[in-house]
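Just below is one structure, and these are the notes that go with it.
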Amino acid sequence: MRPIGEQVVVITGASSGIGREAALQFALRGASLVLVARNADALREVEREVHRLGTQAQTVVADVARWEEVERVAAQAVARFGRIDTWVNNAAVTEYAAVEDMTPDEIARIVQVDLLGTIYGMKAALPHLTRQGQGTIVNVASVEARRAMPLQSAYAAAKHGLAGFSDALRLELAHAGLPIAVTLILPSSINTPLYAHARSKLGLLPRPIPPVYEPRTAARAIVFAAEHPRREIVVGGAGKLALVLQRISPALLDWLLLRNGMAWRMQESSAPGNQQGILFAPPSGFGSVTGDFGGRSKSVSLYTRYVGEYPGRQVALAGVALLGLLVLLRRVGS
């Protein structure tokens, strides 16, 4: 892959949260940026921040749920910078509600943005990456792409679909002999405005399941993936633990989440109120990187930085854990 400082990077959902922080981290490394979101005011603010860091940026107001608008993003990126090196699919919306309380329109909108919007991004980027003979697609999913949570059914379904589509595309590219990387980012709970932007029918405002990590942890993984091809990167040791438990025994994890309604309690704040969220209309204002849960958030994920980004270290760690388990079992048996 090209060094970050020589790349042209497209980022959807760039007006807030992980996407906005990723834009700033790419800018610090000298990448040229195409910033995409529905909120024009927030995009202009990010553009000003990027310019202050000394790099170029173009903003494109677009709804990723509409193919023609995503196709326009790719065309404008190539018209301005001549190519696309990395395309980051990050835009997402969500709703906190039981399935019986969700409307068909709400479910459809979440799937359109979180799944179809990302698929449209891959489709729009592919012709340009193929013509160049290299490039990277980074799909920001969630730990819920592997382990669903209650009150997040449509979001989890979209992220599961995103993982499957990414796997299929990766195989097709390998079969065609095209050196185009497809990386799936699986963040744990991240302190972003997603929870303030979510539609909620809980009677309480939603919150992330602890422990919570700062957006810079996920943004760092995205920037790393743009330069170092990886199949997937789990952001946060807590998320990795959940995925390990899911592999060992989904029923055990179900039991833990159902025990005393733990999964429900962890996702509900003590603040009363429902909120309409940004499902069908963009947020107003200048946006922000972080949400309202920074008091107890982690600024660094040691697991992601030193293990999760390196497949060889993951295998070694698993081997050490297995060896330790075998030694323990042998001692117990004797």
Side-chain angles (χ1 to χ4, degrees), residues 1-40 42-47 49-51 53 55-92 113-141 162 165-166 169 173 178 180-185 218-219 221-227 229 287:
M1 303 304 168
R2 294 176 185 268
I4 296 296
E6 299 176 9
Q7 288 199 23
V8 176
V9 181
V10 178
I11 305 174
T12 69
S15 61
S16 67
I18 293 171
R20 185 168 184 152
E21 177 63 19
L24 299 178
Q25 290 195 25
F26 274 116
L28 283 169
R29 297 279 301 277
S32 299
L33 301 173
V34 179
L35 308 171
V36 185
R38 292 179 294 165
N39 185 338
L43 279 182
R44 283 192 291 269
E45 181 66 20
V46 181
E47 183 182 27
E49 293 179 39
V50 165
H51 286 163
L53 294 173
T55 193
Q56 303 178 77
Q58 165 140 355
T59 62
V60 184
V61 177
D63 184 343
V64 298
R66 299 190 175 108
W67 161 249
E68 63 277 7
E69 296 189 20
V70 180
E71 192 176 32
R72 174 169 54 85
V73 169
Q76 290 191 19
V78 173
R80 170 70 185 276
F81 296 110
R83 67 179 192 276
I84 299 168
D85 297 295
T86 296
W87 186 294
V88 180
N89 288 303
N90 170 73
V113 174
D114 296 2
L115 177 56
L116 288 179
T118 300
I119 291 173
Y120 292 161
M122 288 186 265
K123 282 283 292 178
L126 268 177
H128 305 287
L129 301 182
T130 300
R131 186 178 63 252
Q132 295 158 198
Q134 68 171 10
T136 302
I137 295 172
V138 180
N139 294 328
V140 181
L162 172 54
F165 196 96
S166 300
L169 175 60
L173 292 171
L178 291 169
I180 298 172
V182 179
T183 298
L184 194 67
I185 305 292
I222 292 169
V223 175
F224 179 88
E227 206 169 27

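Since the model is a prediction, treat every value here as computed from it, not as a measurement.
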In Å, rounded to the nearest 0.5 Å, how long is the span from CD1 of Ile18 to CD1 of Ile185?
-> 9.5 Å
Minimum heavy-atom distance between His128 and Ala74, given as atom pair plus value = NE2-CB, 3.9 Å
Test item: side-chain donor near acceptor, Ser166 and Asn139, under 3.5 Å = yes
State the OG1-CZ distance between Thr12 and Arg38, to the nearest 0.5 angstrom.
-> 11.5 Å
Close side-chain approach of Thr130 to Ile180, heavy-atom, < 4.5 Å | yes
Heavy atoms only: give me the nearest Ala91-Val64 pair and the separation to one decimal.
-> CB-CG2, 4.0 Å
Pair Phe165-Val182, side-chain contact (heavy atoms from CB on, under 4.5 Å): steps then yes or no = CA-CA 10 Å; Phe165 196 96; Val182 179; over 6 Å; no
Output yes when a side-chain donor or acceptor of Asn90 lies under 3.5 Å from a complementary backbone atom of Gly13, and no otherwise.
-> yes
If every non-hydrogen atom of Val46 is compared with every non-hydrogen atom of Ala23, which pair is closest and at what distance?
-> CG1-CB, 4.2 Å
Which pair of non-hydrogen atoms, one from Val113 and one from Ala65, has the smallest distance, and what is that distance?
-> CG2-CB, 4.1 Å
So do the side chains of Arg20 and Glu45 get within less than 4.5 Å of each other, counting heavy atoms only?
-> yes
Whether Thr55 side chain and Ala31 backbone form a donor-acceptor pair below 3.5 Å = yes
Of all residues at least two apart in sequence or in a different chain, which pass the side-chain contact (heavy atoms from CB on, under 4.5 Å) check with Ala226?
-> Ile4, Gln7, Phe26, Thr86
Trace of the side chain to side chain donor-acceptor pair (under 3.5 Å) decision for Ser15 with Asn39 | CA-CA 7 Å; Ser15 61; Asn39 185 338; 5.4 Å; no
Working to the nearest 0.5 Å, report the span between CG of Leu178 and CG of Leu173.
-> 6.0 Å
Taking the side chain as C-beta and beyond, is there a heavy-atom pair between Leu169 and Leu126 under 4.5 Å?
-> yes
Chi angles and distances behind the side-chain contact (heavy atoms from CB on, under 4.5 Å) call for Trp67, Leu116 | CA-CA 9 Å; Trp67 161 249; Leu116 288 179; over 6 Å; no
From Arg44 CZ over to His51 NE2, what is the distance, rounded to the nearest 0.5 angstrom?
-> 13.0 Å
How close do Ala57 and Glu47 get, heavy atom to heavy atom, and via which atoms?
-> O-OE2, 3.4 Å
Test item: Thr118 side-chain N/O and Asn89 main-chain N/O as donor-acceptor pair under 3.5 Å = no
Can you name the closest pair of heavy atoms from Gly135 and Leu129 and give their distance?
-> CA-CD2, 4.0 Å
Could you tell me whether the side chain of Arg2 reaches within less than 4.5 Å of the side chain of Arg83, counting heavy atoms only?
-> yes
Given the options Ile84, Leu33, Asp85, Val10 meets side chain to side chain contact (heavy atoms under 4.5 Å, CB included) only with Ile84
CZ (Arg131) with more than 12 external heavy atoms under 6.0 Å = yes
Using side-chain contact (heavy atoms from CB on, under 4.5 Å) as the criterion, list what pairs up with Phe81, not counting sequence neighbours.
-> Val8, Ser32, Val34, Gln56, Gln58
Among Val36, Thr183, Val138, which residue meets the side chain to side chain contact (heavy atoms under 4.5 Å, CB included) test with Val88?
-> Val138
Looking at CG of Leu162 and CD1 of Ile119, how far apart are the two atoms once the value is rounded to the nearest 0.5 Å?
-> 7.5 Å
Heavy-atom side-chain proximity of Trp87 to Val73 below 4.5 angstrom = yes
